[in-house]
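Just so it is clear, the values below take in all heavy atoms, side chains as well, and ignore hydrogens, waters and symmetry mates. To find a chain, count down the sequence lines: A is the first, B the second, and so on, and within it residues start at 1.
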2 protein chains.
Amino acid sequence: MQSDQVPVSAATVLDALGDGNRRSILERLVAGPLPVGVLADQLPISRPAVSQHLRVLKAADLVVVSVVGTRHLYRINRSGLEAVRDYLDRFWTAALDNFAALAEGEAAQPADPQGSQHRSA
Amino acid sequence: MQSDQVPVSAATVLDALGDGNRRSILERLVAGPLPVGVLADQLPISRPAVSQHLRVLKAADLVVVSVVGTRHLYRINRSGLEAVRDYLDRFWTAALDNFAALAEGEAAQPADPQGSQHRSA
DNA sequence: GTCAACCGTTGGTCTTTGCTTACGCTGATC
DNA sequence: GATCAGCGTAAGCAAAGACCAACGGTTGAC
């Protein structure tokens, strides 16, 4: 019910993508739909653990499931990816604006020795 | 040394973005560069906690710091965002290919009652 | 030189969360 | 109807990590 009308929040998707095993699951699903048991065989965790990760990924609209008999085929979904892309684009454009504003500020008063000398601690 | 030549891995960036407080920090920095103390005042966590989060964000190339006297001004950086965009684009195109391949398969043998009836658990 | 402001780091505590074992349910097969 | 394959869920436990207080270091002001 939450996979079509209401888009998931970017926070939910990023929390889902914040785990290495969940990213591994998605990378396996890139090659094509897979059932839970096959995913568990390809990962160093048990099948219930995979099932729990898939629940998180499904809540984030990153995967969809097709029930075929007793097999649950999971497949990558684009809805979750859209939410992240939009979220990141906000920072992207904002970083551009910040950089432009900073360049203007430095052009206005170019005398800033320390600010322009060291860039990383 | 890691902020320019060698791009950070998408895993590092996604792990960094997997925390709500770190995302809040980035959202504050969208409006412009801020020192650590001001960030801590705007967030429900202490200043050392903010400092630790900033260390993670800096390792992920999501922020850069400009030292001005005793003040450390943090600003959003695009390098980390690029890594995530590239990573997500892999899934994006792969999901498209999967969908195309699946459509071909269904067109080849459209007789699949259960597979097309229930789509979500 | 002295003091204050600002920040990074460390040690320790506690919450979060990821994993496994055990169990129950559904659908296919005979 | 009985049996088996394939999953999801709940409970308990261990590892990860997020948090704070205290400390030390550096810079600027006087």
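- Residue pairs satisfying the side chain to side chain donor-acceptor pair (under 3.5 Å) criterion with at least one member in residues 29-38 of chain B, sequence neighbours excluded, are absent.
- Identified under the side chain to side chain donor-acceptor pair (under 3.5 Å) test for residues 25-42 of chain B, with sequence neighbours left out: A:Y87-B:E27, B:R28-B:Q42.
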Original post:
Which letter, B, S or -, goes with each nucleotide of nucleotides 3-22 of chain D from 5' to 3', with contact meaning a protein heavy atom under 4.0 Å?
Top reply: ---SBBB--------SBBBB
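- Overall bending of the helix from C:dG1-D:dC30 to C:dC30-D:dG1, expressed as the angle between end axes built from five pairs apiece, is 30° (10° steps).
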Which atom pairs, donor and acceptor, lie under 3.5 Å between side-chain atoms of residues 50-57 of chain B and protein residues at least two apart or in another chain?
| residue | atom | partner | partner atom | Å |
| --- | --- | --- | --- | --- |
| B:H53 | ND1 | B:R22 | NH1 | 3.2 |

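- Contacts of B:P35 classified as side chain to side chain contact (heavy atoms under 4.5 Å, CB included), with partners at least two apart in sequence or in another chain: B:V38, B:R71, B:L73.
- Evaluation of the side chain to side chain contact (heavy atoms under 4.5 Å, CB included) rule for A:S9 yields A:A11, A:T12 as partners, not counting sequence neighbours.
- Judged as a salt bridge (Lys or Arg N to Asp or Glu O under 4.0 Å), the pairs with a partner in residues 6-17 of chain A (not counting sequence neighbours) are, in order, A:D15-B:R23.
- Judged as a side chain to side chain contact (heavy atoms under 4.5 Å, CB included), and not counting sequence neighbours, the contacts of A:S46 are A:P48, A:A49.
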